[in-house]
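I have placed the structure first, in the form of structure tokens, so that the comments after it can refer back to it.
Chain letters run A, B, ... following the sequence lines, proteins first and then strands; every chain starts at 1.
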4 protein chains.
Amino acid sequence: MIDIAEKKRAAAAPTGRTRTGRPRDEAARAAILKAADTILEEKGIGGFTIEAVAARAGVAKTTIYRWWPSKGALAMAGFLAETAPKISYPNSGSALADLISQLRRVAAVYGGKTGRVLTAILAEGQRDPNTMAAFIEGYARPRREEAKAILCAGVERGELRAEIDLEVTLDALYGPIYYRLLVPLAPLDPEWAETMATHVFFGLLTSKPTSQH
Amino acid sequence: MIDIAEKKRAAAAPTGRTRTGRPRDEAARAAILKAADTILEEKGIGGFTIEAVAARAGVAKTTIYRWWPSKGALAMAGFLAETAPKISYPNSGSALADLISQLRRVAAVYGGKTGRVLTAILAEGQRDPNTMAAFIEGYARPRREEAKAILCAGVERGELRAEIDLEVTLDALYGPIYYRLLVPLAPLDPEWAETMATHVFFGLLTSKPTSQH
Amino acid sequence: MIDIAEKKRAAAAPTGRTRTGRPRDEAARAAILKAADTILEEKGIGGFTIEAVAARAGVAKTTIYRWWPSKGALAMAGFLAETAPKISYPNSGSALADLISQLRRVAAVYGGKTGRVLTAILAEGQRDPNTMAAFIEGYARPRREEAKAILCAGVERGELRAEIDLEVTLDALYGPIYYRLLVPLAPLDPEWAETMATHVFFGLLTSKPTSQH
Amino acid sequence: MIDIAEKKRAAAAPTGRTRTGRPRDEAARAAILKAADTILEEKGIGGFTIEAVAARAGVAKTTIYRWWPSKGALAMAGFLAETAPKISYPNSGSALADLISQLRRVAAVYGGKTGRVLTAILAEGQRDPNTMAAFIEGYARPRREEAKAILCAGVERGELRAEIDLEVTLDALYGPIYYRLLVPLAPLDPEWAETMATHVFFGLLTSKPTSQH
DNA sequence: ATGTAAACGAGACGGTACGTCCAGTCTTGAA
DNA sequence: TTCAAGACTGGACGTACCGTCTCGTTTACAT
């Protein structure tokens, strides 16, 4: 898990220098993350202000600014601490089954309160590159690596075609979920996710080509 | 093209009552839209403020508020007036070719300055439902309908499987583009778009199943 | 009377250009000055914050910042508008009588609520040269000129010695009053002021020297 | 010399109980007072913050707060320790000469860096009664007693009129100096101080009255 | 030698006010 | 009736210091 506070602490005590001064208040840290996440869930990004988080956490604004450099960083930290852990990967030995199961779960979670948090972070990320970077490195990329491992196994077992580009495949499977999350043309639910995955797995064409590309 | 101003004018002169008073300044209207779009392109959503638009357009803030109810509406109007017309649909008689060609073009356009405008609108749309609605009804839905028509034709010609769900298919083809637009894990370019489309069209599996679903 | 607002207005309409835009809200202006003065009287400089003045005047902070550049400028404006007009000059034909009468009145006024306002302004003036300059040009200097005129008349009538330096004389007569105001060794009251003035007028020495200096 | 630290130390060891624990760090104490005075001289009251003093003295904020209860107390302590000792009293046997000599010296010192420190203390004293009390008891009153002694001697020797009120006389002589210090209408220099003193000593009137008051 | 007690550095904490930026509304005179 | 100009209320921003607090460390005296 990535947390700017952790980084700061690490930076402050690089090797063996004994830490001095009043230690960080872990209760305040937890309250801030909890408050950040709750506000994001309840009010979305519109109501997510540092002042609101401080008030709800019962904490001074300065305490927040001491540890998180921006709104986006705080939102990310709240997301990672509170809601990100809810998604885990299955492992059944079948790439197709595992991925569909995982995509269903992701759709279900993103379709709920966690989705509101995510949209907020991504919206903030459009205006602040650091937030986007934190999201990518702290959340998106790690998840992709997990999913990539499943795809790899599927290819090795002969389940999936060897010619596929794994990165592109991940875009094809996860892209639609983010699309529905951010452009609410229709709700994001597990049934839709499974149908979408099935379309991508089986392709759209009537006949399988002998040679392709 | 949707423009609140048009609606307002229409509402103001419902049947035949002759309009009186100073007529709307079309030069101001054009300058505002142009300024909105330019700022969006240059500064992204962070620098897009009503005051900045007014200053750049050489127009009073009130003039903007008279015609557009919110920041998001103005961004949408600027987008529609200036950058949206750049994307058109081909028609070659082959669904696969037409869609790939279109996805390439969309990727190219979204990968440039227009993409910055779009991310700004979508970010704003996360906080303001009206902006999102305007985007969906004024831009996303119409484009989907065009694409859907191509898919339909493909099905009717036997090019595409009859069982596919057209809406889901559109999600599968367009989702990844929005994903790459909003989550910049990697750049958005035509080559990637074609590869992605190919993956979806041909599917990922090694063998075609006899019965599916 | 000096008022930054007046300067701004004057600067905005230098010659004949017709003023445009919403006119300044005079009620708000008056409420701000009144609130500033009241807070100064009641709480002294410690409680004099822009936020407190805004709250009491029922006005937005920005409205204050639009017209007064600093705390000190606002305090000065409040002082000039509300409490400065209370002191006027007598004119009886006798410099001694006039000055004593005036010094008594000044001591009485500075010994009351107005004195608290003055100490606040002078304290603020120690940290902000602009405040001090505004105080000197807008209040102190004009009063000195009035007093100087009386002294002049006294000299011309032969009441006062011709050799005296008028500026130094003013320091000698007014200095003790500011001293008692700012260094409260003892209260500031009219009796003391008259005694003090008498000492200065008549001198301290037992015998008049034939030649001096 | 008054120093809260002295008081505290005295209070901590009232009778005979031997003191235990780490002794006060005199180097830190000296560094703090030096830093306080230097900052007051260089930046005036505006730059005089506890944090700045601590940083300059290379000391923790807590060490300051342990010994001085407030900003004003610290400023006073710095003033007394560093700059106050610079003024001493002459003794020539002539009240007039001694006082003029002393007033010249005071004007010279207050016209320089020491003056900046004094204005800072007096400004702070307007907001904090304790600071003002410390200034009066620790500095102003003792100096007045010294000056009063000279005046007394002058009266006893028949140099000065017996009817004069000594307190009022002190106000008349020192008031103008504080006035020029705090209201910089003109610079504070020895020539002016002597002229002023001469005016007060000799009075302003053309003729000596037969009976007065 | 070893406690014990106070002083010290470091720095986190809850707060207050700052001065600024924009949002969105309102009021005027001119076109 | 629209427009330019610009004043208004109001909310949040990020910063600077305040005065308090909690630590781990240091220093000297008392045992």
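Side-chain contact check for F48(A) versus I121(A): every heavy-atom pair is 4.5 Å or farther apart. Counting heavy atoms from C-beta outward, L74(A) and I32(A) have side chains that approach closer than 4.5 Å. Residues W68(C) and I50(C) fail the side-chain proximity criterion, which asks for heavy atoms closer than 4.5 Å.
When the side-chain nitrogen and oxygen atoms of T20(C) are compared with OP1 and OP2 of dA30(E), none of them lie within a distance under 4.0 Å. Within the structure, every side-chain polar atom (N or O) of R66(B) is placed at least 4.0 Å from both OP1 and OP2 of dT2(F).
Taking atom CZ of R24(C) as the reference point, atom P of dT9(F) lies 11 Å away to the nearest angstrom. In this structure, Y65(B) places its OH atom 16 Å from C1' of dA5(F), rounding to the nearest Å. For the pair D25(D) CG and dG9(E) P, the interatomic distance rounds to 7 Å; values are reported in whole Å. The separation between I64(A) atom CD1 and dC13(E) atom C1' is 12 Å, rounded to whole Å. Atom CG of L74(D) is separated from atom P of dG19(F) by 11 Å (rounded to the nearest Å). The interatomic distance linking R29(A) (CZ) with dA12(E) (C1') rounds to 15 Å, in whole Å. In this entry the distance linking CH2 of W68(A) with P of dG14(F) reads 15 Å, nearest Å. Going from atom CD of E26(A) over to atom P of dA12(E) covers 12 Å, rounded to whole Å.
K61(C) comes within 4.0 angstrom of a nucleotide base, judged by non-hydrogen atoms across all strands. Contact annotation for T63(D): backbone-only contact, meaning every heavy-atom pair under 4.0 Å involves sugar-phosphate atoms and none involves a base.
A31(A) meets the side chain to side chain contact (heavy atoms under 4.5 Å, CB included) test with A57(A); sequence neighbours excluded. Remark: K43(B) pairs with no residue by the side-chain hydrogen bond (donor to acceptor under 3.5 Å, both in side chains) rule, at least two apart or across chains. In this structure T131(A) satisfies the side-chain hydrogen bond (donor to acceptor under 3.5 Å, both in side chains) test together with D128(A), sequence neighbours excluded. K71(C) meets the side-chain hydrogen bond (donor to acceptor under 3.5 Å, both in side chains) test with no other residue; sequence neighbours excluded.
Taking only side-chain atoms of W67(A), from C-beta outward, the nucleotide of dA12(E), dG19(E), dC26(E) with the closest atom is dA12(E). For A60(A), the side-chain atoms get nearest to dG14(E) when compared with the rest of dT20(E), dT22(F), dG14(E). Comparing dA16(F), dG9(E), dC18(F) by their nearest atom to the side chain of T62(A) picks out dA16(F).
The salt bridge (Lys or Arg N to Asp or Glu O under 4.0 Å) test with R56(D) is passed by exactly one of E42(D), E41(D), E51(D): E42(D).
Comparing P23(A) and P23(D), the nucleotide of DNA chain F nearest to each residue sits closer to the 5' end for P23(A). Heavy-atom distances to DNA chain F give each of A28(B) and G21(A) a nearest nucleotide, and the one nearer the 5′ end belongs to A28(B).
One N or O donor and one acceptor, one from the side chain of R22(C) and one from the base of dC26(E), sit under 3.5 Å apart. One cannot find a donor-acceptor pair under 3.5 Å joining the base of dG19(F) and the side-chain atoms of S70(D).
Using a 4.0 Å cutoff on non-hydrogen atoms, no part of residues 42-57 of chain C comes near DNA chain F. Near DNA chain E, meaning a heavy atom under 4.0 Å from it, residues 120-132 of chain D has no residue at all.
Atom-to-atom distance recorded for E124(B):CD and I45(A):CD1 is 9.5 Å, nearest 0.5 angstrom.
Annotation: cation-pi pair R29(B)/W67(B) absent, no NZ/CZ under 6.0 Å from the ring centroid and within 45° of its normal.
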